[in-house]
Amino acid sequence: YISRKIVLLFSLFIGQSHFLWIKTIGIETPSTFATYVSDLIKRGESILGLGCGNGRDTFYFAKKGFQVFAIDQSKIVINRIKKKNINPKFICLDIQELEKKINHCYARFFLHSLNENEENKVIESVSNLLPKNGLFFSENWSVKSDLFGKGEIILKDIFRKDHKRRFIRKNNISKKL
């Protein structure tokens, strides 16, 4: 129902390599996904980061010359990484409350933390924030990941190992976009 506005979904189907990367490289180095995305948008355009976490990719986008807004619902996370500078701008907010128009949206390992109802609301909110040519970049855990099926089963496609993950099925999310 929103395919005209959300024109790009990029899903990588990775597993344990993500955790190895964080432990060995650290947060100063951007994710491979962020470097890929930065090549697809123009310097000066705005990008909204959903569930910005430790700010790793957020700071990278700011250094690359993008106007960055990063939201997370955790005041603890936002207060820990927030700087007094203007770019990036960290906001403790639910995306449904955001009214600022932005060029693009970035969600790395964010949708897997939501239930399907929350996911639907986020996709609708992103659709309302993006212009017609805006892009939504999303990297997700998939049922093709080597982590799928590992740990305690919570519900269909939801497992808890080190934390709860909902594994995304590409055909399900593609229908929403």
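For the atom pair CD (E152) and NZ (K161), the distance works out to 13.0 Å, reported to the nearest 0.5 Å. Atom NZ of residue K89 and atom CG of residue L48 lie 13.0 Å apart, to the nearest 0.5 angstrom. Within the model, atoms CD1 of I95 and CG of L129 stand 5.5 Å from one another, a figure rounded to the nearest 0.5 Å. The structure places CZ of R169 at 10.5 Å from NZ of K144, a figure rounded to the nearest 0.5 Å.
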task: Mind running side-chain contact (heavy atoms from CB on, under 4.5 Å) on N103 and I41 for me, showing each step along the way?
output: CA-CA 9 Å; N103 296 109; I41 56 182; over 6 Å; no
- prompt: After noting the C-alpha distance and the side-chain angles of L147 and F167, does the key distance pass the side-chain contact (heavy atoms from CB on, under 4.5 Å) rule?
  reply: CA-CA 9 Å; L147 289 179; F167 292 83; 3.9 Å; yes
query: Passes side-chain contact (heavy atoms from CB on, under 4.5 Å), L50 versus C105? Steps please.
result: CA-CA 7 Å; L50 302 180; C105 188; 3.6 Å; yes
- request: Go through the steps for Q67 and F69 under the test side-chain contact (heavy atoms from CB on, under 4.5 Å), then give the verdict.
  value: CA-CA 7 Å; Q67 183 182 5; F69 300 90; 3.2 Å; yes
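In this structure, E119 and I168 approach most closely via the heavy-atom pair OE1-CD1, 3.6 Å. The nearest pair of heavy atoms linking F148 to S142 is CB-O, 4.2 Å. Closest approach of D94 to I71, counting heavy atoms only: C-CD1, 4.5 Å. Contact record, A70 with T58: CB-CG2, 3.6 Å, taken as the closest heavy-atom pair. Closest approach of R43 and K64 over heavy atoms only: NH1-O, 3.3 Å. Contact record, F90 with C52: CD2-SG, 3.9 Å, taken as the closest heavy-atom pair.
Judged by distance alone, the side chain of H104 and the main-chain N or O of I47 form no donor-acceptor pair under 3.5 Å. No donor-acceptor pair closer than 3.5 Å links the side chain of D157 to the backbone N or O of V143. Within the 3.5 Å criterion, the main-chain N or O of I123 finds no donor-acceptor partner in the side chain of S127. Under the 3.5 Å distance criterion, the side-chain polar atoms of N87 are matched with a main-chain donor or acceptor of V68. K101 contributes a side-chain N or O that, together with a main-chain N or O of N128, makes up a donor-acceptor pair within less than 3.5 Å.
By the rule that hydrophobic residues join a cluster once side-chain heavy atoms approach within less than 4.5 Å of another member, L114 and I158 end up as members of separate clusters. Hydrophobic clustering (side-chain heavy atoms under 4.5 Å, transitive across Ile, Leu, Val, Met, Phe, Trp, Tyr) keeps I154 apart from W141. In the hydrophobic clustering of this structure, I173 groups with L130; members are Ile, Leu, Val, Met, Phe, Trp, Tyr whose side-chain heavy atoms approach within less than 4.5 Å, directly or through other members.
Between Y106 and F33, a ring centre-to-centre spacing shorter than 6.0 Å is recorded.
Note: H163 and H112 have tilted aromatic rings, judged against thresholds of 30 and 60 degrees for the angle between ring planes.
Comment: K176 engages E116 in a salt bridge, judged by a side-chain N to carboxylate O separation of less than 4.0 angstrom.
With contacts defined as side-chain heavy-atom distances shorter than 4.5 Å, the pair F109/E139 qualifies.
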